[in-house]
Amino acid sequence: MPSSIPPTLTLSKGPSTRGRGLLASRAFAPGDLIATFDDPLVVIPDSAQLPMTCSWCLSSPPPSPSAPRVTVHACKGCQTAAYCSTACQRADWRGVHKGECKVLKRARAESGLHSGLQLPTPVRALVRLLLLLRRNTAEEGTPPAEAQAQAAIDELQGHVAAFRGSGSGGSQRWRDMELQALGALHYMGMETVPSSVAGAVELLCKMQVNSFNRLDVDIGQSGLFLHPALAMVNHSCVPNAFVQFSGRRAILRAYRAIKEGEEVEISYIECTLHRSHRQQALKSGYHFDCICPRCSEDLDVYEVCQMYPHLELNLFSLTPNFEVLGKSPAQEPLRSNETLRRKVEKIYPRCSTALHGVDVPQRREELQRRWGLCKPLRKAKMFAIQPLTQAVVEACIYFGERGDFAAALAISCFVAIQVDPYRSPMPFDAQRVKGLLILARILTNTASGKFLPPMGSTKDAVKTKLSDILAKTDQLLICQVVLALVVRWGPSAHSDEWQVCSEARDLLENLKALSGREKEYAKVETFAKNPSGPDESIFFEAGVLRPIRELSDIALDIMTLEFGS
Ligand SMILES: C[S@@+](CC[C@H](N)C(=O)[O-])C[C@H]1O[C@@H](n2cnc3c(N)ncnc32)[C@H](O)[C@@H]1O
């Protein structure tokens, strides 16, 4: 039985097609902490992140200049793993780095490359797991906790036969895993006889099915996290819970109310993708066919948003008229428009590559292409449907990188009210909260007035209109309200220690320290305490929502001007 199931959860072993699962031992409200999972079997940064991430506490360079700096130093032995402190280095050494160091050193030496060979993430994870298991069998009187870990690995679902696939050589995926297994065994100096390769491939299958990608797009960090108790949670594309990562810990929270005895379900994948892409990802990575309501009825994000309970939590958000979220802005659901649905299926793969690291002119060219491809979705007003959503988010980044913060602000407002609430109906959704922090960061730039396009000096009516709105808007006031929303919802999105929360708190303090604005700040504080009060609602509507709507309304003109109609 998987070790250390937290008391707030119960392991179900029911005769279900989905195997074991986790049931809530008590009721949870939306945003409640269900459990934390410490001491994972494996937690590592992605290979690409190794040089700048502490291999023990997983700290990495901060996303913003105001966050505390993290400096890491490479291990003198392998020169591959890096640490932010001696304490972290010692802890990892006592863990498995003592053995791993030799393996990484050997990989480096054998590669003959000056910069050394960076073992792929699954190979490093496998090395760590094998070292852990070898240590268990090598040590006499294995400590009970580690013996339990061994037992837990034995019991993990691996879908080995399904990964192997049919045919003599097995599937391409299987052959890749065999190569990864051979690599790990070779660098560990272990035998590569068929039985040990088979054992190592089985571990790779188990890692694929049961580990999490501890992805944090905000700080560009990702990695692998394997915890046998957390691995018991099953999937739904309409999840009632979600997982966040903080250092070596995973945090499981309720997304909506969960009753005592109800199964806790998270989404293993990006659940706003189209059905065929979700199903393919679930089939190839986890070997099951999802029959959740989103899949069985092929609901689009707008329809799913309508069926989520607790939309009223949006009262304290930039979409306080939560009844609007209960209606789709599109004339008909995507599934009823067969032509559009087929077009979307076709364009999605042509728009899905990441634009990180792409320079500004190239980004513009690529966005023009995507904007053109997404025309049918634009016409149908389906901005929360991929790949249009991603194009809009990328457009905001593009204008920010170009230093056109006024345009970035308008698009960020558009995302905050026309896109994010539909794809993430809860105001404490991490993606939404991060979007608000980005909006506040942009406002700190535009509020100074330095970044406004010069009024009247351009023939472009859209830019003049944008300047007009900004000139008559109290941007600092909006910034403070938006930060108050981040501070309110951030802890339920992740934790109190989340970098997004601390940055928002710091920015709020800086704004408070500005003199001459005491009256405005008092109003914001009163509003934050009682958002539905009559005076507070008027203040919110006139001072915040109206200008945000006006900015959002011209975002489309800005994007059309830049990327084509
Ligand atoms: C991380 S494990 C979850 C625990 C698993 N049920 C077990 O008993 O070990 C992932 C596996 O659980 C099963 N699973 C998870 N969610 C499912 C779902 N919604 N429908 C069917 N099977 C599911 C699949 O076999 C999948 O590969």
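We count ligands from 1, going down the list as the structure has it; atoms in each ligand are counted the same way. All values derive from a computational prediction rather than experimental measurement.
- The residue among R20, K13, E263, H159 with a heavy atom at the shortest distance from atom 25 (O) of ligand 1 is H159.
- Contact between V233 and ligand 1 is present, with at least one heavy atom of the residue lying under 4.0 Å from the ligand.
- Each of L33, T36, T8, L9 was scored for a side-chain contact (heavy atoms from CB on, under 4.5 Å) with L252, with one residue passing: L9.
- Per-residue contacts place G19 under 4.0 angstrom from the following atoms of ligand 1 (heavy atoms of the residue considered): 6 (N), 8 (O).
- Contact analysis puts A231 in contact with ligand 1, with a non-hydrogen atom separation below 4.0 angstrom.
- When only non-hydrogen protein atoms are considered, atom 22 (N) of ligand 1 lies nearest to R18 CB, 3.3 Å.
- For the ring-ring contact (aromatic ring centres under 6.0 Å, His included) test with H235, the passing option among F288, F212, F242 is F288; the others fail.
- At the top of the distance list for atom 26 (C) of ligand 1, counting protein heavy atoms only, stands Y286 O, 3.5 Å.
- Using a 3.5 Å distance cut-off with no hydrogens or angles, the side chains of R423 and T389 do not pair a donor with an acceptor.
- Heavy atoms of I291 found under 4.0 angstrom from ligand 1: none, in either backbone or side chain.
- Nearest protein heavy-atom contact of atom 11 (C) of ligand 1 is V209 CG1, 4.1 Å.
- Here atom 10 (C) of ligand 1 lies nearest to Y268 when heavy atoms of F212, F288, Y268 are compared.
- In this structure, the protein non-hydrogen atom closest to atom 15 (C) of ligand 1 is N234 OD1, 3.0 Å.
- Atom 16 (N) of ligand 1 has its closest protein heavy atom at H235 N, 3.0 Å.
- Across every non-hydrogen atom of L204 and A181, the tightest pair is CD1-N, 3.9 Å.
- Between E345 and R342 there is no salt bridge, since none of the side-chain N atoms of the basic residue sits less than 4.0 Å from a carboxylate O of the acidic one.
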